[in-house]
Chemist: 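Dropping the structure in here first, questions after.
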Amino acid sequence: MIKTSRTISTAMQVLLCLSPLAGPAHAAESVYTDLDLDACETLAEDMMGVSLKCGGYKDYPVYFKEGDLRQSVIFGTIDQVLIDGAYESFAAFNRVNTKIEWRLNESGEPVAAILRWFIENPGPSGSPSPESTGQVLVISRVGDAGFPASCFVAMVDAKANRNANELARQAADSDAADFACGMTEPQWIGKRGDLTSERTFSWPEGYVVE
């Protein structure tokens with residue numbers, strides 16, 4: 001009995017010593033920033049639209065473009081050719097919200113950004129109304145030094161899905177880190193209603209992320 005007790009005690013000591021080394025798994029976390037267009041740096045501007053560089057999260061900026069009443073947003077460390085030539089939006093007139101949700105990995109670095117877009121469908125009067133305006137949560141990959149590109153990863157119809165935020169975070173955590181911008185087409189997650197719009201996408205010809 002004494003020998004058995006000592007054996008169990010020794011085993012428990014080993015487990016207690018090993019447990020802190022293993023440590024708990026860290027779940028993905030969110031941080032939030034505001035998109036303040038008035039505080040952004042103007043990169044280019046003409047009669048057709050504007051291109052801006054805005055503050056984001058830590059050293060990960062936000063690049064905003066607008067033209068023909070449609071907007072495009074990419075996130076993070078981005079190759080100049082994409083800053084100049086990439087444009088991803090929706091076919092319908094649209095605008096983005098000002099609150100950005102960044103999904104962080106276990107190292108505390110952002111891998112995805114979630115941003116709400118308003119799809120400005122015409123209402124009975126011909127102008128958008130609250131009832132005719134769609135809302136889409138767009139999940140985008142955040143570019144970094146190892147993959148300097150950003151693009152849509154997935155889309156969630158925020159009016160058709162009561163758990164839209166949860167669906168968006170799940171897609172961000174599972175798909176964004178390895179999403180092949182320029183090669184893979186983003187998908188709609190959950191239900192898709194009639195107030196959404198088809199995605200539009202322009203990518204510099206021949207450009208491949210290295």
Side-chain angles (χ1 to χ4, degrees), residues 30 32-57 61-75 82-103 112-142 150-172 175-176 181 185-203:
S30 291
Y32 299 85
T33 63
D34 293 315
L35 180 61
D36 182 3
L37 297 180
D38 292 333
C40 298
E41 174 190 355
T42 300
L43 301 179
E45 186 175 14
D46 56 30
M47 294 296 293
M48 298 299 294
V50 66
S51 175
L52 307 174
K53 180 180 181 180
C54 308
Y57 176 67
V62 177
Y63 293 93
F64 171 92
K65 292 181 182 179
E66 182 173 29
D68 194 23
L69 299 180
R70 297 168 178 86
Q71 297 181 347
S72 177
V73 185
I74 54 179
F75 305 86
L82 296 181
I83 296 172
D84 296 337
Y87 199 91
E88 194 166 19
S89 186
F90 293 95
F93 295 153
N94 60 74
R95 56 186 171 84
V96 299
N97 197 15
T98 58
K99 184 69 69 178
I100 301 170
E101 178 178 0
W102 304 80
R103 294 295 284 176
I114 302 172
L115 181 61
R116 187 180 300 265
W117 297 57
F118 298 99
I119 308 300
E120 297 186 325
N121 304 298
S125 67
S127 298
S129 67
E131 294 74 22
S132 69
T133 298
Q135 295 186 30
V136 177
L137 295 179
V138 173
I139 303 94
S140 297
R141 178 168 184 169
V142 175
S150 174
C151 62
F152 287 11
V153 172
M155 300 153 290
V156 179
D157 185 340
K159 283 195 167 182
N161 296 275
R162 296 183 62 181
N163 61 335
N165 288 317
E166 180 182 347
L167 292 174
R169 292 180 187 123
Q170 289 174 354
D175 299 335
C181 293
E185 185 174 345
Q187 301 298 313
W188 289 90
I189 307 297
K191 299 177 182 178
R192 182 183 176 187
D194 296 333
L195 298 180
T196 61
S197 177
E198 293 301 318
R199 159 184 169 265
T200 59
F201 182 64
S202 177
W203 193 256

Chemist: Taking C-beta and beyond as the side chain, do Gln135 and Phe118 meet within less than 4.5 Å on heavy atoms?
Modeler: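 A side-chain contact exists here, since the closest heavy-atom pair is under 4.5 Å.
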Chemist: Decide side-chain contact (heavy atoms from CB on, under 4.5 Å) for Asp34 and Lys99; before the verdict, give the C-alpha distance in whole Å, the side-chain angles of both, and the deciding distance to 0.1 Å.
Modeler: CA-CA 5 Å; Asp34 293 315; Lys99 184 69 69 178; 2.7 Å; yes
Chemist: Assess the side chains of Ser150 and Arg141: does a donor N or O sit below 3.5 Å from an acceptor N or O?
Modeler: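 The criterion, which ignores hydrogens and geometry beyond distance, is not satisfied for Arg141 and Ser150.
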Chemist: Would you sort out whether Cys54 and Leu35 count as a side-chain contact (heavy atoms from CB on, under 4.5 Å), showing the intermediate values?
Modeler: CA-CA 7 Å; Cys54 308; Leu35 180 61; 3.9 Å; yes
Chemist: If you apply the rule side-chain contact (heavy atoms from CB on, under 4.5 Å), what do you find for Asn163 with Arg169, and how did you get there?
Modeler: CA-CA 10 Å; Asn163 61 335; Arg169 292 180 187 123; over 6 Å; no
Chemist: Taking side chain as C-beta onward, heavy atoms only, is Glu166 less than 4.5 Å from Val156?
Modeler: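 A side-chain contact is absent here, since even the closest heavy-atom pair is not under 4.5 Å.
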Chemist: Tell me, do Asn94 and Gln71 make a side-chain contact under 4.5 Å, heavy atoms counted?
Modeler: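 In short, these two side chains touch, coming nearer than 4.5 Å.
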Chemist: Compare every heavy atom of Gly56 with every heavy atom of Thr33, then report the nearest pair and how far apart it is.
Modeler: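 Reported closest heavy-atom pair: CG2-O, 3.5 Å.
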Chemist: Taking the side chain as every heavy atom from C-beta outward, state whether Arg70 and Tyr87 have any pair of such atoms under 4.5 Å apart.
Modeler: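 Result yes, sub-4.5 Å side-chain heavy-atom pair found.
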Chemist: If you define the side chain from C-beta out and look only at heavy atoms, does anything of Leu195 sit under 4.5 Å from Ile119?
Modeler: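 Leu195 does not reach Ile119 side chain to side chain.
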Chemist: Classify the angle between the aromatic ring planes of Phe90 and Trp188 as parallel (below 30°), tilted (30 to 60°) or perpendicular (above 60°).
Modeler: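 Ring orientation of Phe90 relative to Trp188: tilted.
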Chemist: If you measure from CG on Leu115 to CG on Asn97, what distance do you get to the nearest 0.5 Å?
Modeler: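 Result: 6.5 Å between the selected atoms.
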Chemist: Specify the closest pair of heavy atoms between Gly55 and Val62, including all atoms of both residues, with the distance to one decimal.
Modeler: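 It is O-CG2, 3.9 Å.
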Chemist: Any chance you could measure Lys191, atom NZ, to Thr196, atom OG1, to the nearest 0.5 Å?
Modeler: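 Between Lys191 NZ and Thr196 OG1, I get 14.5 Å after rounding to 0.5 Å.
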Chemist: Taking the side chain as every heavy atom from C-beta outward, state whether Trp203 and Leu82 have any atom pair closer than 4.5 Å.
Modeler: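 Trp203 reaches Leu82 side chain to side chain.
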Chemist: Once you measure the plane-to-plane angle for Phe75 and Trp102, does it fall in the parallel (<30°), tilted (30-60°) or perpendicular (>60°) bin?
Modeler: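 Perpendicular: the ring planes of Phe75 and Trp102 meet at over 60°.
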Chemist: Mind checking whether Glu88 and Ile74 have side chains closer than 4.5 Å, heavy atoms only?
Modeler: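 Result no, sub-4.5 Å side-chain heavy-atom pair not found.
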Chemist: Taking atom OH of Tyr63 and atom CG of Asp84, what is their separation to the nearest 0.5 Å?
Modeler: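 The OH atom of Tyr63 sits 10.0 Å away from the CG atom of Asp84.
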Chemist: Please name the pair of heavy atoms, one in Ser132 and one in Ser127, separated by the smallest distance, quoted to 0.1 Å.
Modeler: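 In this case the closest contact between Ser132 and Ser127 is OG-O, 4.5 Å.
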Chemist: Starting at SG of Cys151, measure out to CZ of Phe201 and round the result to the nearest 0.5 Å.
Modeler: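 Here the rounded value is 6.0 Å.
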Chemist: What heavy-atom pair brings Leu167 and Gly190 nearest, and what distance separates the two atoms?
Modeler: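 Shortest heavy-atom contact: CD1-CA, 4.2 Å.
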Chemist: Does any non-hydrogen side-chain atom of Leu37 lie less than 4.5 Å from one of Cys40?
Modeler: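 Heavy-atom side-chain distance check passes, below 4.5 Å.
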Chemist: Does Asp46, at its CG atom, have more than 12 non-hydrogen atoms belonging to other residues, nucleotides or ligands within less than 6.0 Å?
Modeler: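 Enclosed: over 12 neighbouring heavy atoms sit under 6.0 Å from CG of Asp46.
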Chemist: What distance do Met155 atom CE and Leu137 atom CG have between them, rounded to the nearest 0.5 Å?
Modeler: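 Output value for this atom pair is 11.5 Å.
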Chemist: Within this structure, what is the CD-OG distance for the pair Glu120 and Ser197, rounded to the nearest 0.5 Å?
Modeler: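 Those atoms lie 11.5 Å apart.
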Chemist: State whether the number of non-hydrogen atoms from other residues, nucleotides or ligands found under 6.0 Å of Lys53 atom NZ is greater than 12.
Modeler: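 Atom NZ in Lys53 is not packed in, count stays at 12 or less.
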